[in-house]
Amino acid sequence: MLVFKHGDKECNFDSDSVILHDVVKALGLDNKKVIAAKFNDDAMDLSRVISEGGNVEAISVDSPEGLEILRHSTAHLMAQAVLRLYPGTHFGVGPSIKDGFYYDIDVAGTITEADLPKIEAEMRKISGAGEKVTREDLAKDEALKFFADDPYKTELITEIDAPTVSVYKQGEYADLCRGPHVPDASKIHNFKLLSIAGAYWRGDEKNKMLTRIYGTAFATPDELKEYVKRIEEAKLRDHRKIGKDLDLFSLHEEGPGFPFFHPKGMAIMNTLIDFWRREHVKRGYTEIKTPQILDRSLWIRSGHWDHYRDNMYFTEIDEKPYAIKPMNCPGSILVYKTQLRSYRDLPMRLAELGLVHRHERSGVLHGLMRVRCFTQDDSHTYITPEQIKEEVTAIMELDKYVYTEVFGFKYSVELSTRPEDSMGTDEQWEAAESALRDALESTNTPYTINPGDGAFYGPKIDFHLEDCIGRTWQCGTIQLDFQMPGRFDVTYIGEDGAEHTPVMIHRVVFGSIERFMGILIEHYAGAFPYWLAPVQIKIVPINAASHMDYAKELQAKFMNLGLRSEIDTRDEKLGRKIRDAQLQKVPYMLVVGDKEKEAHTVGVRERSKGDLGSMSLEEFKDLLSKEFNPIH
RNA sequence: GCCGGUGUGGCUCAGGGGUAGAGCAGCGCACUCGUAAUGCGCAGGCCAACAGUUCAAAUCUGUUCACCGGCUCCA
């Protein structure tokens, strides 16, 4: 007799084996949403035959686990449809991912986005027919025979470290797969194929490029609709579109990856820099500036020639080789070394807004997010080994303030360890890594480890901000460096009167100012908070002729106060001028007509609150002073 | 760099072997207007570049460049 339990419920079967679905039913757990079940914590198909007792739970399609199974099964459904439409297609891998699934396929000829509806229609046909999904366990050699004409599955099977593998079949399609899956295709209704792209087999660019089809599936039609809407909203926030609409920056064929900033984009960037400088002065930093182009020998000495050459640009001056800087550290070191330094000078925090150039492959360029030249809000901090923890903690504090309090981002922290291509000894790396770990743990900062992703000269703590679409962007980083100081004979005189080698911290907060702006544009959807808005106040005269003098008088006052204002000088109707100011996302619109001109007031309209009525200029300034503003 | 797609006036896009079109923006004129689009008119493009096929190319072919979606890489 087999005994099954779910919580305090129990059922018995007077047989040697039983189908899992029957157990689920007997325990009263079955309903239309159930697509799989857990037996002793292992997720399994409902059709699985069980020959021992144990704990059983139903997996519903609206649970995270169920959704993952649904999407995985949808990938199989798609594969079956593709096989019908494109016989002879071979299949790579087709997992479920965050927000959906993909399948990498090797198809004769090409599939384009225009073919997706056709594939989707075939999928609906199969789903409508309720194609059964069945599982079979095969010994490895049987499986190899079964998939003999499929090079991808053969490669996968060979690497599996188990005597048997499972194969899922639905109609003419069969796939090597761990499962579990929905019992039949009729469980799959709410799906959509999204896009098509190339992807290397097993993610290795040395391998063949397969065709990847992305899609998604949800438990309910509403959730699918919601998701599609979210993608469309994300498109509206695209910083490349908003950057054009709000006249912030542009990109040109003449300089791919080298963004051009327009006056309004510079207003934002300069405000960010203003904020950055104030914050750094408060925290004991001083600022330097080092050249764009430096002798190649410097880059050989720093190790960049050996480890970073492929990303660098080179040039020649008077027949001598030079390099365009991809990082600011060697320049900073030259500044440090201009004097003999004492332990009393440390920590020495040399900040630099350095414009660096890095060669990026053409296919990766993306608006402001991925460019070939950008400004790092860098600092190189020279400390004694004893100061590591305190200094790293202080930087983490700065990051937290900037990310959450000023900009309202969520972020996560990663510790990246030694990469393959790196310099230094194991002991140095171990010491550096444990110093960073210590700083993270003593501040109770949750973090994950990203093995092998450190810089070539040291491990790092990375800060990942989450944007409106849930994408994460690496911004801040804190890198511990035991290499450069030694390479450049950087020293300080200790209390003991002897020469010592300082530890160097490389760190950025914004990361790249250009990219940070891109993230902010998407984060705010162009509606920058008052302190950052490129145009803070739009003055809207009701009548272009008779109210212009007053409008100009107001603007002069705002200019004096250092506020960014514009007058709409067009001979248009008021409604039109308001609409355009709204579309430009200007925080405050000041309507001025006869009434205001006479009473020396302004009609205030706030972009999200609407008309606030007339008030004196003093009252309006008072209103502005209540706005969040970290540079006051 | 790789795979696929795209490239037409400032912007968004239609057209597609017979010599280029719309809406918005711009300019002009009229209206002088109170919180999300006033009307009429004018002007603006060697259809990404270069080669080729053709009597004829924006349209077909090839190459290059840029952009878009991914992959790999990355701040």
Side-chain angles (χ1 to χ4, degrees), chain A residues 102 104 106-107 110-115 194-214 235 238 240-241 244-245 247 250-257 310-311 326-327 354 356 358-378 453 455 460 462-465 473-477 479 506 508-516 518-519 538 540-547 570-584 589-596 603-607 610-614:
Chain A
Y102 67 79
D104 287 345
D106 184 1
V107 61
T110 58
I111 294 184
T112 72
E113 217 132 313
D115 297 318
L194 298 170
S195 61
I196 205 156
Y200 299 110
W201 165 239
R202 317 202 80 173
D204 188 334
E205 64 181 319
K206 289 186 198 79
N207 290 340
K208 182 171 180 180
M209 172 88 46
L210 305 178
T211 303
R212 174 173 295 183
I213 305 177
Y214 283 95
K235 243 184 235 161
D238 190 315
R240 293 165 301 187
K241 173 162 177 45
K244 207 181 272 179
D245 290 348
D247 195 18
S250 56
L251 289 154
H252 302 265
E253 278 206 27
E254 291 81 353
D310 291 348
N311 287 303
M327 293 189 195
V356 297
R358 297 181 183 179
H359 180 69
E360 298 289 350
R361 293 153 103 183
S362 58
V364 307
L365 302 177
H366 180 94
L368 296 180
M369 302 297 197
R370 195 70 185 274
V371 293
R372 285 179 173 153
C373 88
F374 58 96
T375 312
Q376 288 186 303
D377 62 321
D378 219 338
D453 203 39
K460 54 180 186 165
D462 290 325
F463 294 78
H464 296 261
L465 302 196
W473 294 98
Q474 188 186 317
C475 290
T477 171
Q479 311 181 344
H506 311 237
V508 289
V509 183
F510 295 147
S512 145
I513 298 185
E514 289 79 356
R515 173 201 265 189
F516 197 76
I519 296 169
K538 189 90 182 188
V540 185
I542 286 178
N543 183 300
S546 54
H547 305 133
R570 296 173 304 172
D571 190 8
E572 280 291 349
K573 287 181 75 176
L574 177 61
R576 177 51 178 283
K577 297 182 204 176
I578 295 284
R579 177 184 152 83
D580 289 343
Q582 285 283 156
L583 291 175
Q584 289 289 304
M589 287 150 264
L590 296 189
V591 176
V592 294
D594 288 337
K595 230 165 53 186
E596 288 77 13
V604 180
R605 180 188 166 97
E606 201 272 342
R607 71 180 160 203
D611 192 355
L612 302 179
S614 282

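For the numbers below, each heavy atom of this structure counts, side chains included, while hydrogens, waters and symmetry mates do not. We name chains A, B, ... by the order of the sequence lines, and we start the count at 1 in each one.
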#### Entry: Separation of the C1' atoms in B/G1 and B/A14, to the nearest angstrom
35 Å
### Query
Taking the C1' atom of each, how far is B/U32 from B/C47, in whole Å?
42 Å
Could you check how far [atom1] of [X] sits from [atom2] of [N], rounded to whole Å?
X	N	atom1	atom2	value
A/R361	B/C73	CZ	C1'	6 Å
A/L194	B/G5	CG	C1'	16 Å
A/E113	B/G4	CD	C1'	9 Å
A/R570	B/G26	CZ	C1'	11 Å
A/Q584	B/C11	CD	C1'	12 Å
A/K577	B/U32	NZ	P	14 Å
A/R202	B/C3	CZ	P	22 Å
A/I542	B/C31	CD1	C1'	16 Å

### Query
Under 4.0 Å between a side-chain N/O of A/K241 and OP1 or OP2 of B/U12, yes or no?
no
### Task
Test A/Y200 against A/K206 for side-chain contact (heavy atoms from CB on, under 4.5 Å), laying out the working first.
CA-CA 8 Å; A/Y200 299 110; A/K206 289 186 198 79; over 6 Å; no
What is the nucleic acid contact for [X], judged by heavy atoms within less than 4.0 Å: base, sugar-phosphate only, or nothing?
X	value
A/V371	base
A/N311	nothing
A/E596	base

Enter the distance from [X]:[atom1] to [Y]:[atom2] here, rounded to the nearest 0.5 Å.
X	Y	atom1	atom2	result
A/H464	A/C475	NE2	SG	9.0 Å
A/F510	A/T375	CZ	OG1	11.5 Å
A/E514	A/M369	CD	CE	12.0 Å

### Task
Please answer whether B/A75 and A/F374 are stacked, defined here as ring centres separated by less than 5.5 Å and planes angled under 30°.
yes
### Message
Expected output check: what is the dot-bracket annotation of RNA chain B, where ( ) and [ ] are pairs inside the strand (brackets for crossing ones), | is paired with another strand, and pairs are Watson-Crick or G-U under 3.5 Å?
### Response
(((((((..((((....[..)))).(((((.......))))).....(((((..]....))))))))))))....
### Query
Does A/T477 have any side-chain contact (heavy atoms from CB on, under 4.5 Å) partners at least two apart in sequence or in another chain, and if so, which?
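Residues passing side-chain contact (heavy atoms from CB on, under 4.5 Å) with A/T477: A/K460, A/D462, A/Q474, A/Q479, A/V508.
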### Task
Check for a donor-acceptor pair, side chain of A/K208 on one end and backbone N or O of A/W201 on the other, with a separation under 3.5 Å.
no
### Message
Could you tell me if the side chain of A/K235 sits less than 4.5 Å from the side chain of A/K241, heavy atoms only?
### Response
no
### Residues in ring-ring contact (aromatic ring centres under 6.0 Å, His included) contact with A/Y214, at least two apart in sequence or another chain
A/Y102
## Note on the structure
Scoring nucleotides 64-71 of chain B by protein non-hydrogen atoms under 4.0 Å (B base, S sugar-phosphate only, - none) yields -SSSSBBB
### Task
Assign a letter to each nucleotide of nucleotides 36-43 of chain B from its 5' end: B, base within under 4.0 Å of a protein heavy atom; S, sugar-phosphate only; -, no contact.
BBB-----
#### Entry: Pairing of A/E572 and A/R579 as salt bridge, 4.0 angstrom limit
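No, A/E572 and A/R579 are not salt-bridged.
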### Query
Does A/D238 come within less than 4.0 Å of A/R240, counting only side-chain N to carboxylate O?
yes
### Query
Quick one: which of B/U32, B/G1, B/G34 gets closest to the side chain of A/N543?
B/U32
#### Entry: Any residue meeting salt bridge (Lys or Arg N to Asp or Glu O under 4.0 Å) with A/D378, in chain and number order, not counting sequence neighbours
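Testing A/D378 for salt bridge (Lys or Arg N to Asp or Glu O under 4.0 Å), a comparison that skips the adjacent residues, returns none.
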### Task
State, without any angle test, whether A/S195 and A/E113 hold a side-chain donor-acceptor pair at a distance under 3.5 Å.
no
